[in-house]
Amino acid sequence: VQTCALPILLRTLAVLLGLCNMATMMGQALFVKYASDELGVTGAAYGVLLAIMSAGSIAGGLLGDRVASRWGVTGTVVVPYAMFGIASLAMGIWTNVPVAVVASAATSIAGTVWNVSTVSLRQRLIPSHLFGRVNSAYRFLGTGFITVGAAIGGFVAKSHGYSMPFTLGGVIILAALAIGIRPVLSYGRGYAEPATPAPPSLVALPPMPTKQRRAPLSAAARSTAARPSVSSWNGWNCFGGSIASPMMLADSIDRKSTRL
């Protein structure tokens, strides 16, 4: 990928992420009401539905690296994004429990695969001296639209019911993919690396100091260390500058009262 094409790819991914989060949150912000009023799922059944969504995220995390290495950058960006839109549309059109379960699990899997692919790609594309600024701007676009989507979803649900935000969100996601797929296919297909380097902020960290073994104490030294005198207690003791334990303090006070 040419250097001039990298900003286009990063901007496209950032806008796609922001629109996807906005459209997804239109329905997810009202998921409790959607499950209770549209699906009739309440109580323990709602907990099971959330557990299925969590299981999908775990499965996506386990499969994300393999899928990314097999499908490449374009596959792990386009396919999960399309799954977001299709799953949201399905939950809005067919309001029944089996569809909601499958769509929720698919969304969780696709979300984890998307994150694995785009985050690692972002680490490779952004220059080291610009990583913090570009990454923060990218995340601002990605998370800033979440509140906007939640607000829009509330207004839409009030007028058209709790399934309409999912339908509208699915339409927005698929429309965004149709517009943004060209630069992703053009620039993403030509860029792929076998390994993902660590973020620049972690590369320059100094190595951790190695722990040195202390020489063994003699019997007299161990006895002295095990039973400190009252004079050594002043809130801090001689054991590495740490605060003395309550048992050590009680033991010292007890021995002092015995001498008196």
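None of the values given here were measured: they were computed from a predicted structure.
Separating the OG1 atom in Thr42 from the CG atom in Leu39 is a distance of 11.0 Å, to the nearest 0.5 Å. The structure places CG of Asp37 at 11.5 Å from OH of Tyr34, a figure rounded to the nearest 0.5 Å. Taking CD1 from Ile86 and CE from Met83, the interatomic distance works out to 8.0 Å, rounded to the nearest 0.5 Å. One distance of note links CG of Leu130 with CD1 of Ile126; it measures 8.5 Å at 0.5 Å rounding. In this structure, Ile8 CD1 and Leu10 CG are separated by 10.5 Å, a value rounded to the nearest 0.5 Å. Here the NZ-OH distance, from Lys33 to Tyr162, works out to 4.0 Å after rounding to the nearest 0.5 Å.
A donor-acceptor pair under 3.5 Å is absent between the side-chain atoms of Thr12 and the main chain of Gly180, judged by distance alone. Distance alone, capped at 3.5 Å, is enough to place a donor-acceptor pair between the Thr112 side chain and the Ser108 backbone. Using modelled atom types, no side-chain atom of Ser117 and backbone atom of Val113 make a donor-acceptor pair closer than 3.5 Å.
With a 6.0 Å radius and a threshold of 12 heavy atoms from other residues, nucleotides or ligands, Phe31 has its CZ atom above the threshold.
Hydrophobic clustering, with ILVMFWY side chains joined whenever heavy atoms are under 4.5 angstrom apart, keeps Met164 apart from Leu89. A continuous path of hydrophobic side-chain contacts links Leu141 to Ile172 [ILVMFWY only; heavy atoms under 4.5 Å].
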Derivation of the side-chain contact (heavy atoms from CB on, under 4.5 Å) call for Ile173 and Tyr81: CA-CA 8 Å; Ile173 292 174; Tyr81 205 89; 3.5 Å; yes
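Contact annotation: the side chain of Tyr138 approaches that of Leu13 to within less than 4.5 Å [non-hydrogen atoms, C-beta and beyond].
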